[in-house]
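All ligand and atom numbering here is 1-based and tracks the order in the structure.
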Amino acid sequence: MAHNQSADAQRLYDGRSATYDDSWHVRFARHMVEIASLQPGQKVLDLACGTGLVTFPAVDAVGSSGTVIGVDISSGMLAQAEKKLESQPSVRNVAFYQHSITDLDTLEVLKQRKGTFDLITCASALVLLPEPREAIKEWTSYLKPGGKLITDVTHVQSQLTGITYERVGRKLGVNIPWYRLNFETPEDFRDALAYAGLKDVVVKPIAQLAIEGTNDLKDYLAAGARSRLEKEYSIEDADKIFEATADGVAEGGLGKAEIREQAKKLFKEVWAKIADADGRVRGIDCVYVGVGTKP
Ligand SMILES: C[S@@+](CC[C@H](N)C(=O)[O-])C[C@H]1O[C@@H](n2cnc3c(N)ncnc32)[C@H](O)[C@@H]1O
């Protein structure tokens with residue numbers, strides 16, 4: 001399965017950068033910062049910072065005596081973050097760097113900062129990494145003792161089209177640029193955080209998508225922020241879902257004539273396997289947020 005994850009991510013997110021903020025990510029990122037309970041003066045490393053949806057709320061939370069560093073591979077996403085920074089000339093305690101978060105040790109500016117961060121955040125990006133356990137382990141070395149890491153993984157029954165393609169891609173040897181199957185269960189996630197040496201690990205399921213009609217954090221929290229049934233499908237829906245989406249997956253790879261029929265057959269098989277005994281395929285709006293502390 002030859003691929004270069006960071007090149008894939010750069011291409012994908014450069015393309016999405018202009019409209020990325022028109023999404024539930026704005027509210028979800030704020031929620032992550034709220035869960036982290038930042039204090040004035042703290043030092044934060046925001047990994048896969050994208051357009052700064054976590055970074056800027058973190059800047060507000062740590063105040064002018066704190067610092068925040070954002071790292072992302074996508075120049076398009078970082079350009080959006082820099083644009084936000086330019087519009088706030090009084091903010092001087094944040095800096096963005098283009099680099100892979102799977103290779104932090106080669107980022108010069110972080111060399112002197114191992115063991116110094118109070119908080120590391122990585123929102124909506126851990127499942128984009130093929131080897132998340134090793135990544136978290138490297139990140140943990142940048143925390144000071146008592147520092148916390150907060151990150152998240154999606155429930156395997158959420159965003160069902162994507163995870164079905166991931167399973168199909170595995171069977172066909174076609175790279176799909178996300179790796180949610182590393183976390184089939186919340187225990188897999190907990191294990192990954194523990195593998196990095198983090199203690200007091202708490203993994204909590206919450207809803208990810210916006211609630212009907214609003215993307216406001218207060219409304220969402222008032223609605224309970226609990227994971228819920230998002231949509232119910234039937235086994236037969238697989239056909240039309242495949243037809244509507246195959247050309248947009250793996251850079252069109254699964255939609256190509258030579259592979260399309262085989263991919264469709266597998267898509268239908270995999271889809272049918274996730275149906276319950278009554279033939280219902282249940283999509284769940286759920287993401288697991290995990291927090292761990294460096295001893
Ligand atoms: C879904 S966005 C999340 C952005 C931000 N954390 C948020 O909550 O809005 C995923 C981000 O991960 C970044 N990314 C993916 N793989 C990466 C890698 N290996 N190194 C650095 N950034 C990466 C992408 O460029 C993109 O900006």
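- Among all non-hydrogen protein atoms, the one lying nearest atom 12 (O) of ligand 1 is Ala48 CB, 3.3 Å.
- Remark: ligand 1 and Asp72 share an N or O pair separated by less than 3.5 Å (distance only, no angle test).
- With ligand atoms numbered from 1 in the order given, ligand 1 contributes 15 (C), 16 (N) to contacts under 4.0 Å with heavy atoms of Ala9.
- Every N/O-N/O distance between Asp46 and ligand 1 stays at or above 3.5 Å.
- Remark: ligand 1 atoms within the under-4.0 Å shell around heavy atoms of Ser74 are 25 (O).
- Residue contacts with ligand 1 leave out Phe28, since none of its heavy atoms falls under 4.0 Å from the ligand.
- Numbered from 1 in the order shown, with element, the atoms of ligand 1 that lie under 4.0 Å from a heavy atom of His99 read 20 (N), 21 (C).
- The single protein non-hydrogen atom nearest to atom 22 (N) of ligand 1 is Ile73 N, 3.1 Å, given as residue, atom name and distance.
- At least one N or O atom of Ser100, backbone or side chain, sits closer than 3.5 Å to an N or O atom of ligand 1.
- Of all the heavy atoms of Cys49, the ones lying under 4.0 Å from any atom of ligand 1 belong exclusively to the backbone.
- The shortest heavy-atom distance from Met32 to ligand 1 is not under 4.0 Å.
- Looking at heavy atoms from C-beta onward, Gln98 lies in side-chain contact with Gln10 at the 4.5 angstrom threshold.
- Note on ring orientation: taking the six-membered ring where Trp is involved, the planes of His25 and Tyr20 are parallel (angle under 30°, cut-offs 30° and 60°).
- A side chain to side chain contact (heavy atoms under 4.5 Å, CB included) with Leu126 holds for exactly one of Ile101, Asn182, Thr154, Val153; it is Val153.
- Regarding atom 1 (C) of ligand 1, its nearest protein heavy-atom neighbour is Ser124 O, 3.2 Å.
- The contact set between ligand 1 and Leu128, taken as ligand atoms under 4.0 Å from a residue heavy atom, comprises 10 (C), 12 (O), 15 (C).
- Between Asp105 and the options Lys137, Lys111, Lys114, a salt bridge (Lys or Arg N to Asp or Glu O under 4.0 Å) holds for only Lys114.
- Considering only non-hydrogen atoms, atom 3 (C) of ligand 1 lies nearest to Tyr20 out of Tyr20, Trp178, Tyr97, Trp24.
- The contact set between ligand 1 and Gln5, taken as ligand atoms under 4.0 Å from a residue heavy atom, comprises 15 (C), 16 (N), 17 (C), 18 (C), 19 (N).
- Between the side chains of Asp103 and Thr106, at least one donor N or O sits under 3.5 Å from an acceptor N or O.
- At least one N or O atom of Ala123, backbone or side chain, sits closer than 3.5 Å to an N or O atom of ligand 1.
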Phe242/Phe267 under ring pair (Phe, Tyr, Trp, His ring centres under 6.0 Å): CA gap, chis, key distance, verdict:
CA-CA 7 Å; Phe242 181 88; Phe267 188 93; 5.6 Å; yes

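- When heavy-atom distances to ligand 1 are checked against a 4.0 Å cut-off, Leu53 comes that close only through its side chain, counted from C-beta outward.
- The OH atom of Tyr13 sits 11.0 Å away from the OG1 atom of Thr51 when rounded to the nearest 0.5 Å.
- With salt bridges taken as basic N to acidic carboxylate O contacts below 4.0 Å, one links Asp239 and Lys264.
- Shown here is Arg30, whose CZ atom has no more than 12 heavy atoms of other residues, nucleotides or ligands within 6.0 Å.
- Distances between N or O atoms of Met77 and those of ligand 1 include no value under 3.5 Å.
- No side-chain donor-acceptor contact under 3.5 Å links Thr293 and Asp200.
- Between the side chains of Ser74 and Asp14, at least one donor N or O sits under 3.5 Å from an acceptor N or O.
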Taking it one step at a time, do Val270 and Lys171 satisfy side chain to side chain contact (heavy atoms under 4.5 Å, CB included)?
CA-CA 10 Å; Val270 171; Lys171 286 176 194 284; 3.8 Å; yes

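- The protein heavy atom nearest to atom 18 (C) of ligand 1 is Ile101 CG1, 3.7 Å.
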